[in-house]
Every structure is written in structure tokens, then in C-alpha cells.
Amino acid sequence: MNDKYDAIVIGAGHNGLVTATYLAKAGLKVLVLERREMVGGAAVTEDVFPGFKFDTGAHCINRLHPTVISDLQLAKHGLELLPLDPAVFSPGLDADHLLLWRTPEVTVDSIGQLSEKDAKRWNGFAALVAKATGLLESIYSTPPDVLSKKKKDVWELLKMAGRLRRLGKQDMTEVLRVLPMTAVELLDEWFENDLLKGTLGAVGITGIHQGPMSAGTAFLFLHHQVGAKQGVLRAPLRARGGLGGLSRALESAARSAGVEIRTNAWVERIIAEAGATSGVALVDGEEIAGRRVISNADPSRTFCGLLDPFNLDPDFVRRVRNIKFKGVVARVNLALGELPNFSCLPGDGPHLRGLISISPSLKYLERAFDDAKYGELSREPYLEAVIPSSTDPSLAPDGKHVMSILVQYAPYNLRDGEWDDAKREDLGDRVVTTLAAYAPNIESAILHRQVLTPLDIEAVFGLTEGNIYHGEMTLDQLFFMRPVPGWARYRSPVEGLYLCGAGTHPGGGVTGTPGYNAAREILKDSK
Amino acid sequence: MGQNTRYDAVIIGGGHNGLITAAYLARAGKRAVVLERRHLVGGSAVTEEIFPGFKFSALSYVVSLLRPDVIRDLQLARHGLELLPLESTITPLPNGDYLMRGADHDETRRELYRHSPKDAEAYDDFGKLMYHLAFAMKHILDVVPPNPTSMRPRDLMGLLRFGRHFLDLPPEQFYALCKLMTMSAADFLDEWFETEPLKATMSASGIIGTFLGVRSPGTAYVLLHHYMGEIDGVFRAWGFAKGGTGAVSEAIASAARELGAEIRTEASVEQVIVKNGKAVGVALESGEEIHGRVVVTGVDPKLTFLKLVEPQHLPSDFLDAIRRFKIRGSSGKVNLALGELPNLTCLPGKGPHLRGAISISPSLDYMERAYDDAKYGNFSRHPYMDIIIPSMIDPGMAPPGKHVMSIFCQWAPFELNGGWNDEQREAFGDAVVNTISEFAPNLKNAIIHRHVVTPWDMQETYGLTQGNIFHGELSLHQLFFMRPTHPWANYRTPLKNLYQCGSGTHPGGGITGASGRLAALEILKDW
Amino acid sequence: MLRGTPFHERTAPLCEGQNWRRWAGYLSASSYELVNDREYFAIRGASALIDVSPLYKYLIRGTDAERFLNRVLTRDVAKCDVHQVMYGPWCDETGKVIDDGTLQRLGEDSFRLTAAEPNLRWLADNAGGLRVTIEDDTDSTAALALQGPTSREILKSLSDADLDNLKYFRLAFARIRDIPVTITRTGYTGDLGYEIWVEARQAVPLWDALIDGGEPYGITPAGILALDMARVEAGLILIGVDYVPANRALIESRKSSPFELGLGWTVKLEKDHFVGRQALLDEWRGGPTWGFKGLEIDWNSLQKVYSEFGLPPELPQMTWRTSVPVYSGGKQVGYATSGCWSPTLKKYIALAHLQSNSAERGTRVEMEVTVEHQRKKAAARVVELPFFDPERKRS
């Protein structure tokens, strides 16, 4: 083939598109191959029921890398970010409710309704979080090669240690102390109100097979606050037109940078010989030659699915096989005839514009986890819902609404058998019942219901075990241990094969950071 | 002893660490006195004849990792320390089978093979890796933690040496160590093994003395402790002290006395006397004052800093940190006097398996369910138990033909719903006996006497705050330079001339004597 | 309790001195008679019957079996014909030997691999993503080695196999007095000989058949001590003695590559991939730093060393298995790991790891000998292995 590509990106997820665009901007000839008929990966908006558009994968953005936004001129390409305000609405079972706003003072007032003491401590807590996330952000570039004896790498490591020390004595130890803690321990040190602690703690368990009483959940809580304004915790964004709007902007940026994108192009395998890759083969038999192959798929799919194991040493394969996925998230999408009416805060108000978090206490979350631990769906699951149509009416027919709900815990591996239709419906029922306890009108408001089990999520989005982060975000699978120890710098043992997805550092969520870091490393190698 | 007595060092608490500190100080020519509240020395390492003719290691019941330096320096063999082998562990299973690991490699391999051929091999590979890691980590047990925020050359050098020590490990070992520090015992073992009782029994070491379940990250690294004995050059570092663990304390006390230290029992310290911002002695409950150039506390950090020292003498952020120090008791002890040996259904009769440990840990789920009870404030209905029959190893512990059984159980939370009382204590004892009876039905009839120690009793009788056997949980954020709190992990305290030598300091936990030794060496540096 | 092999019922009463040792968790006779000479000479002069059941045995089947084995072994398994047997080592990623054994190609997609140590986990790790099953066959298959000049005659008299046409390192499915067996023309003695693989429950009848039918040909049950002498003469390495398996070695320097064990001939670098290939290629290009050779200890020198004490040379009664320093020009250049007096060659021989520059054939070195509690050195000469290589082995 004459027109050999410089780089073939497998998967048009948001990270894949980011990487592709950066590479094209640096003058490389880039092809992106997407299995589905649309780009976006897990950041897509689909017409699930006529007239009702849902973000079927991720339904909000925690933080998009600011450099990516500006470098790719995403605004120019049509991206409009909608900050949710209030950020979170958390109903309690009694008359209580909690609202977290984008203005810290207002949040403090809201907390004050629940606990004077907690309201007073909010700013102190926010300051600690800001310090910790500041540190995390500073290490969210490419992880150093910790074991390298090369001067350059040692220097990088020392610089990182320096950043840590610059936090100052007190703060540094505090941050180091907090990182390995459990969400419960962290939050108990600061607050007394169950609803507040549950609402914050929920961030620490999202997407992982751990409860808030497991160590490392404090870290995940902090990870999701990286880039947040001080005092504005758990403040997600949406994109106009749904998350698909983000992907469309990314696609447009990619195309204008010269990236070629092919949808309905299902990669069957990565062609590799003698330890180097030379392209990919599609399911239909077509072979496409490329100097580099960049996989936006998760590491397990990449190394154990797309690549012939002969190209890898058994030790490396063992490491990949040991990556924990343990998907626990299911999705329920509801087409609603009317807005839910919450008993604790009746009527249509601003609260319906934020994330609706069903997390009345840390204990509630832990009990939800208890079920999953033994391979069962939570009897009372944690729910994170959004009603995008409340701020973006184009997503549903007039007067009607769409509500997407992230459900946890729905373990991928069930104790008694596999996920099937009956279990899927049971899951849907359980979610509706749970929600109805807070908003009794929900059942009658439902026009259509779509339920995605972890197995469905795996099938639709190609996420191993339905893990939304391409590998659990637990302490042992982060930083220089992500995706596997020794290979955290986006490269792989196969020459020319790179990773750019959420399975790499710094991990999951709609951030674009792995894609950005990967592009930089690939370009370094191209020099 | 008169009112005017002035010592070089006054040591609060005659636990094994306090005695060791006293012995080392005496060896350096200092006049040291140990003040013990009870009528016998040893703290948690005592042998008591609770019922006539039946002797029990009332709390701590095995000797683990007693530092070889201490054994050599204090010539403990000459002072009567004799360690007897405790070489096998049998895990009886509900299905009538069992898993047994013994001292003979071939036999253990074959037994594991019976359960899983792969595990039999993985066990050797695992052992080899652990050997290496234990070799690397052993270093940590014997050093004073460097202060990572200090700019003092000594700390910086310590930190650098420390970093190098680990970064120089072969990659495989370095990464395994990172995983050990961040993973749950269950997940770490899942990477290696498939046999449930093997994983459950091994994982147990990770949760002893913590308020975490085997699936909580941070519980993996304690797996190493089991392999550390091997490399210390001390045959049988894990063992049973002839005469019970009190014999260890007696040997140390004897060494201390010979070196010139004074030991006073029934001398309960009420307060640390502070003059001009320095600790100058202690006041006993009797009103007697004992003065010393330094005061060393062998009791736990909460008891020391929140009870024995008046708050105005300590900085408030330090007190905050001590208040935050996690010291939740989670274990109980049941001591039984038996008329006959328990007859295990899975392996009937009096066999060598009764000379080792019997572990009630049939599966990871069993362990998790035991933990679930505790999470919500109940004692485990079916606890994890580590059982030994000391009279099988040392016949002197019971009248001829009779036996004593020592049962360590977890979880028994200090903060029990409704609080501990006599009724709850017996209910807990019943849960323990009933659970064991499922595996050894004759047990109930064999019991002559029963002695149940709840965390509450541990606090009241043995002075362990909240009944925590390790003077503070061994969770990641409370280890090394954070034990008990940064920057006071170097055995000093914010109060001048007050030192700490108990298990609440690095490295903490078990009868190691490391804290006591390192504290003494630090005190002597300041002299 | 150690367990007996499937032949234990028969071997136990024969073991006159209760002289047992451990072999992979089994009881294995060191020697049956009180003196092991007769057992050794049976190997070289008649036929010895040796229970080798404790060997680990894995059945590997599936359409990817060849591909899989080609990935693990250094030999080119594609060149192994059906009913052929191949000997070779397998290595870790850094090209250090994990174990060595024989591979029997039972059919197009069906193999039996023997190993000295358990290797199921390693094999399974390498089989990820391949259509292959690995079954540990160790307990259900018993094995006997029938070794010695009369072994062919014995089998001919007892079995239906075409033994005259069964070439060296080939196998045949056959019946021995109605007992179905696999006969391989292999062994660990360097002599004419066979190994017979049988279902464990048929072990005792097989033993009886061989003893009965072999009697006219001088069949003699032999223990490990006799075998050990024969294998040293044959220059065959023993795991755990002559090398430390890479996955058990605690430090890097204890590991050996195939080149360093004299197994360079088994390393097929032209194969496009196998575990350890890159490292072995690098080593081959640079030249290995160690060699594995034979030492013949100079009799006169040995005599001289002993005569200082007024003694004649005292020869080892059995194969020693300790590490003995080897010197050249006063500096240590290697170490011998096994040695014995060869009754057949009438020489004191040893197997030794030697630094490459001292490993040339004919190099004069010195081996340490301890005489009357004092360390002395005896002159020795480096020779190629094997020491003993009779025509009949292959013919």
C-alpha cells in the first residue's frame, strides 16, 4: 500500500479523537477506526426512543483538560459546556435534602440547614481537597519511569517529589495521610450529617467494586475533584446536545486537522510480527497498513483480544490478565412524561437541573456494596441521575423529559448465573422502586425504559466487564501502575503499538488527559 | 522508694516494649524504672493462671518477629526464652474437608495440589516473591522512619537511602511491593490462587488488628510478615513461647533487672508531671511522684496524650492528630480450659494438626460476612478465628490430660451496638464456641471453664484504648512516618523529654520489640 | 507421610536397606541392595529397571498444541514428527532455564511433556489465548526406565512393538503382555534403553511382566544412586544439582542459560518466537560467558595429593552433588556440581561450570579435593561431554 498511515487509532472514543487530532496537527497521516456507526465511544448521545435522546454512556463531564479545549479549539468546533447549577441535588428520605451549588457560599447555606457544624467546616474541607487535587493534577502528566536509572527520568521523579514537598510540611503530610484512607474515615473526620457524607462519599465509589469503607475511596473522591474550583465539589458539566455534542466537536476538530475517520470499521486484530506492529486487520478481512497503531480500547481488549499473545511475554500477559475490571455500573434511561416530583422538595425547581444523587448515607452506600460483594445486585442501589432535558429541551419532545441514571452496584459477575432479560428487568424495577421512594410520581411518569446491564455496556461500548474506566480506579492500578506496572507511559512491549484510552494514567472519566498525554509521548518517539 | 527518688528514665507501662526500652537504657548505664499498673509485667504479653492449673497467654498468644537484635542484645535465651514450633495451620471446611499447610514442603505441596494443582505451584512462586520482598522490607522494621518533610541533612539522607533501597529492587519486586502496599489481601491473593480456604487463611493476617475487611485495599502488605521470620536468621521466628507469652516478658524483665533496671508493679501512673515545658516525672495514683530525666511511655498514644498528659502541654494540632488516630478495637479473645481435646470432624483424633494453628477461615466470603457484622456495630456471628492449643505444645500449661485452648477472634468491635456488658460478652463467647463446634462437635462438652475477653475488657484490664491490640490500627495511613502521627514518628513527642516506645510507634504490632529497641536508641542519641 | 509410587507395592519389599530418598514428594529407592554396584553394572551390562514415576508429566492437546510448545520450548517443535521424541529445556523471558525434559509427540495435536519440577502454572500462563489444554498427568501415569544392553531383547520378548525399527528418540504404542503402554527409546543413562509409560493402575502388572520376562536377560531393579552414576557418565544434567531452575533461583547469578548448560544445540534461534529468544539471541551474539563441560581428574595428581598423607586415592562411593571449586592458574574459574568414579571408564569424572576462557577442550585446570580435612587441588583436564557414548545407544 502506497498511502501507508503514520498512525491508526483504534476506537473513536474521546481520548482516541484527542490523540488523533494532536498527531494530525503535528503533521502525521492519521486514520481513526470506529466499530460503531458513530464516533464518541462512551461519550455519545443516541435516539433511544423516538424523540428522546440519551447519553447512553457517560452522562456528564467532570473535567475536560483545559489545554485540550484550547489547543483543539473545541468551542469553535461547536462545543458548548453547560455547568450544572446546582451541581448536586441529594434528596433524603425524610424532609431533608442537600443542594451543592457552584457558589460555595450558597452551598454552605444549604449544608447549614442540615448541620450548622458541617456548614462551618465546609471551607476547611474544601481547602484540603483543593490542596490534594492540586497535587494530583500536577502528577497527571505522563508518569515518570520510577525504576529508570537514566538521568532524565531520575530528574523527573525528583521534580515530582519536589512538587509534593512544595505543598509545605503540614499540607503534604495531610495529603499523604488522606490518600490511602477510606471515604468514610475522611468524611467522618470532617462532617456529621449522613446525607452530606453520603453525597460526597458516593464520588469515591463510582465505578469501582469497593464500598466507602474500603481504603482508596478517599483517593477516588479526590480524583474526581481535580480541576474543580475550591469549594465547588462534585460539580459536573454537560455539553449542549448531550455528550454526543462533545464528540461531534472533537470529530470536527479532528477532521479539520486532517484526520480520516471511518465508522463501521471493526478492527479484528492488530498485525504484529517480530515484536513490531505494522497495521490492523478489520473483521471484513481488509488490512490497513500503519507505522503506528494506537489503541483507545482498554488494555485487556488490546493485548488479550486484538493482539496475538505470541507477541507478548507471559509475564506481561499475566500482568494484563491481572488488571481488575469488575464492572459494577448499570444504566437505566427513562423517557418521562413529566418531571419527577421529589417529596422532600416538591415541584419543578432548579434542583432538577443538577445531578440527582440517591445516597442518603455512607452506610446506605456500604450496604449497597455488601450485596455486590457476594455477587448480587444491590437491593437499594446508589443512583446518580441527570435530567438533561431540564436545561436542554432539544433532547426530548415538548414537555417531556429524559432521565439517565447511573446505577451501582450491579456486578458484572453475578453469583447465580449470567445477566439475562429477567435480571435486566429486575434491575430496572429495582431502580424505579428505589427512586419512587423519593419521587413517588416516577412510576406513572415513565413512558419508556431502557436498561443496560454491565454485560450490555460491555457489548455496546466494548468495555471489558462493563468497567467504565477501562480498569478499576483503585490505588494499585494508578499512576505508574496503570495500566500495568512498568508500562505506564502509553507505550507497549510491541514496537509501534500505543495505548491512549482511560486504561492508562490518569484514568477514567471524560477528561481527554490520557489521549493528550499519549499523543505527546508518541510524538516524542516520532522525532 | 522515697519521694526524692530521681531516675534517669521513668517508663510508663511494663509491656514488652517498655521493658525492652528499660533494658537498653540500663545497658547504657542509665537508671531506669518501669512502672506497671498491674500485679505482673508483660502488658498484653502475659501468662495468667485464670483457672487453677490452667495457664493462658491471656491476650497475645504467639511470638511473631521478635527482633533478633533484641534476642541477642538482651541475651534472652539465657534469661529463659524458649520458642517452640508452631508449624502447621489447618483450615477445616464446612464440607468436611480441610486444608493443611505444614512444615514439610512436599507435604504442603501435595495438600495444596489436592485442592488445586496450579495453586500448589503458585504457592512456591508466591513464597519466593514474598521472600524477596520480606528481605527488602525487613530493613524498615529496624530503622527509625525518616521525616519526609524535613530538610535536615540527616532526614534527607535517610529519605534518599530509603528511596534508593526500594528503587534498586528488580522491577518485578518493586511493583509487587507497590501492589502489596495498595491492594487488598483478597485481590492480591486472587492474582495468585484459586483455593478459597487458602486465600481466606492467608488473607487473615492482613486484617488482624484493623477495622478493615480482607477485600479492603491496604490489607495486603501484612502478608509479608509471615515471610519475614525466615530471613532473620532466627529459626522459628513464629512460635509459641514455652510457658506462654508471659515467659517472653519475664525473660525481658529478667534481662532488664540484671542490667540494673528497676521494675515496680502495682504502680499505676496517673499523670505525667510537666515543669517548664518539660516532662520531669510521673505521679502515681497513690500520690507518689517519681522523677526522671526523661519519661518514656509504653502505653498507647491516646492514653498517653489524651489522658496522662494535660492538654495545655501539647500543641492543639498534635492533639487533633492524636484524636484522629484510629484505634478501633476489632478483636476478642476466648480462652478455654478443656477436659479433652477437640475432635475435628474433618480430621478426627489426636494428630499433629492439633499442635499447630486451627484457622476458622473457610472462604473469603466467610471473612467478609464476619466483617459485615462488625461494620454495622455487631460482633461477627461467625467470626474469623485463629486457634491454638498451647498445652499440646507445652504440657505445662494445663493439668495432665487436660488442655487449654486459645482462640483469637475477629471481629468484635469496641463500639458494639448497645455497648458491651456481661450478657453481650457471653453471647460473643457463645458465638465463638458454637462456630467452632460446627467443626469440632465435642467442644461444648469438653469445656471446663471459659474466659472471654472483649475489646472492652482489653481496655479496662489491659489498658488498651478501645481494646486495640496494636495500640492503633495498622492501616496504611498510620504506618511508618505517620505512626502515630507525623512528624512524631521518631519516638519523640512535642513535649520535651517525653518519649514513646509502645506499639503505637513504628513499626508497631505484635511482640516484635522493635519499637522498644528503636525508642531506647533514639533516647540515647539525645542524651 | 511421603507417598509411594504406583510400583511401591513391588519396590518396597525389594528395598533391603530401606534406603529411600525423596523425589518430588514420592518415596524413591536410592538403592535396592545394600551395595549399589550390581545395580550400576546392570545398566551398563544387562538391563536395569528404574522407577521414574515421580517425573512430572503433562498431556498437551489441541489444534494450537504445536504452536504453544514451540513458544515454550527452545527446540523447533514443528520439526518433531508424530511418534518422535525431543529433548530440550525451556526458559523464562530472560533466557534462563526453568526446566528440561522430553517431549513426546503422541499425535498431530497431542504431546506429552516431562519435567523435573512442577510446571503447570508456567505452561498455563503461556497458553493464554491458544486452543490448547494442559493436563497434569503425573499421578495417573506411571513410568519405568528399562536401560541397558539387553533391554531391547527383553521388550522384544514381551511386546508387540517393532523394536528393531524403533529408532533413538522415537516412540511406539504397544502392548506388553496385554498391557497398553507407550514405549519411548529414551533414557537418562546414555545407554541403549527405553522408557515405558503406563496407566498407573496397570503399573504393578507391568512391573511383574518385565521382571518375569526380563529374568533371562539379567533384569535388575535399580535405584537412583546407580542412575546418578550413569547420567554423569552420559553427561546429562540434573535440575537442582547442576543448575538451579530460573523460577526458583533467589539471585540472578544462580540462573543459567541453555548455552551455559551445554544445551546450545537445543536453542533454535531461527524460530521466529519463543520465550527468551531475544535474550538468547543477544547472548549468542556476544558469546556465552560460561560453559558446561566434563572434567577428567588426573590420576597421578590425585595420587600425589593423597600420598602426602600416606593414603591411596579415596574414590567417591557414589555420585557427589555438591559445589566444588575449579581453579586455573590459582584463580577460581568455575565449579563442579556432580562427580563420581566411573566404573566403566575407570576414571574420576565430574560435570563443571567453567568460565568460557577455561572451557576449551583440553584446558588444564585444578579441582578442589578435600583430603584429611584439608583442601587440596588435583589436576584435571576439560573434556567434551558425554564421557561415555556407546554405539548401542543409537543403533
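Small disclaimer: the values here were computed from a predicted structure and weren't measured. All chains are named by letter (A, B, ...) in the order of the sequence lines, taking the proteins before the strands, and each is independently numbered beginning at 1.
Using a 30° and 60° split on the angle between ring planes, B:Tyr371 and B:Trp411 fall in the tilted class, from 30° to 60°. Using bins of under 30°, 30° to 60° and over 60° for the plane-to-plane angle, the ring pair B:Phe135/B:Tyr131 lands in the parallel bin.
Residue-environment remark: NZ (B:Lys179) exceeds the threshold of 12 foreign heavy atoms within 6.0 Å. The environment of A:Arg379 atom CZ is sparse: at most 12 non-hydrogen atoms of other residues, nucleotides or ligands sit within 6.0 angstrom.
With a 4.5 angstrom heavy-atom cutoff, B:Asp187 touches chain A only via side-chain atoms. Both the backbone and the side chain of A:Leu176 have a heavy atom closer than 4.5 Å to some heavy atom of chain B. Of the two parts of A:Thr182, only the side chain, counted from C-beta on, holds a non-hydrogen atom closer than 4.5 Å to a non-hydrogen atom of chain B. Neither the backbone nor the side chain of B:Asp190 comes within contact range of chain A; no heavy atom of the residue lies under 4.5 Å from a heavy atom of that chain. For A:Met481, the part lying near chain B is the side chain, with the backbone staying farther off; criterion is any non-hydrogen pair under 4.5 Å. Interface remark: A:Arg321 contributes no atoms to any contact with chain B (heavy atom separation under 4.5 Å). Neither the backbone nor the side chain of B:Phe480 comes within contact range of chain A, judged by heavy atoms closer than 4.5 Å. In this structure, the portion of B:Leu212 lying under 4.5 Å from any heavy atom of chain A is its side chain and not its backbone. When heavy atoms are compared at a cutoff of 4.5 Å, B:Lys375 approaches chain A by way of both its backbone and its side chain. Residue A:Glu366 touches chain B through both its backbone and its side chain, counting heavy-atom pairs closer than 4.5 Å. Contacts between B:Phe188 and chain A at a heavy-atom distance below 4.5 Å are absent for every atom of the residue.
Within the 6.0 Å centre-distance limit, the rings of A:His209 and A:Phe369 are counted as a close aromatic pair.
Per-residue counts of heavy-atom pairs under 4.5 Å with chain B were compared for A:Leu475, A:Thr217, A:Asn322; the largest is that of A:Asn322. Contacts with chain B were tallied for A:Glu185, A:Lys324, A:Gln210; A:Glu185 has the most, counting heavy-atom pairs under 4.5 Å. Looking only at heavy-atom pairs under 4.5 Å with chain A, the residue among B:Asp168, B:Thr219, B:Asp365, B:Leu169 that has the most is B:Asp365. If you tally non-hydrogen atom pairs under 4.5 Å between each of A:Gly486, A:Ser148, A:Gly216 and chain B, the highest count goes to A:Gly486. When the candidates B:Arg215, B:Met482, B:His486, B:Arg324 are compared by the number of heavy-atom contacts under 4.5 Å with chain A, B:Arg324 comes out ahead.
Cation-pi geometry between B:Arg369 and A:Tyr374 is met: the NZ or CZ atom falls under 6.0 Å from the ring centre, inside 45° of the normal.
A salt bridge links A:Asp370 and A:Lys373; the closest N-O separation between the charged side-chain nitrogens and carboxylate oxygens is under 4.0 Å.
The closest side-chain heavy-atom distance from B:Thr505 to B:Pro484 is below 4.5 Å.
Using a distance-only test at 3.5 Å, with no hydrogens or angles considered, no donor-acceptor pair links the side chain of A:Gln477 to the main chain of A:Arg482.
Nearest heavy-atom pair, B:His506 versus B:Tyr491, reported as atom, atom and distance to 0.1 Å: O-OH, 2.5 Å.
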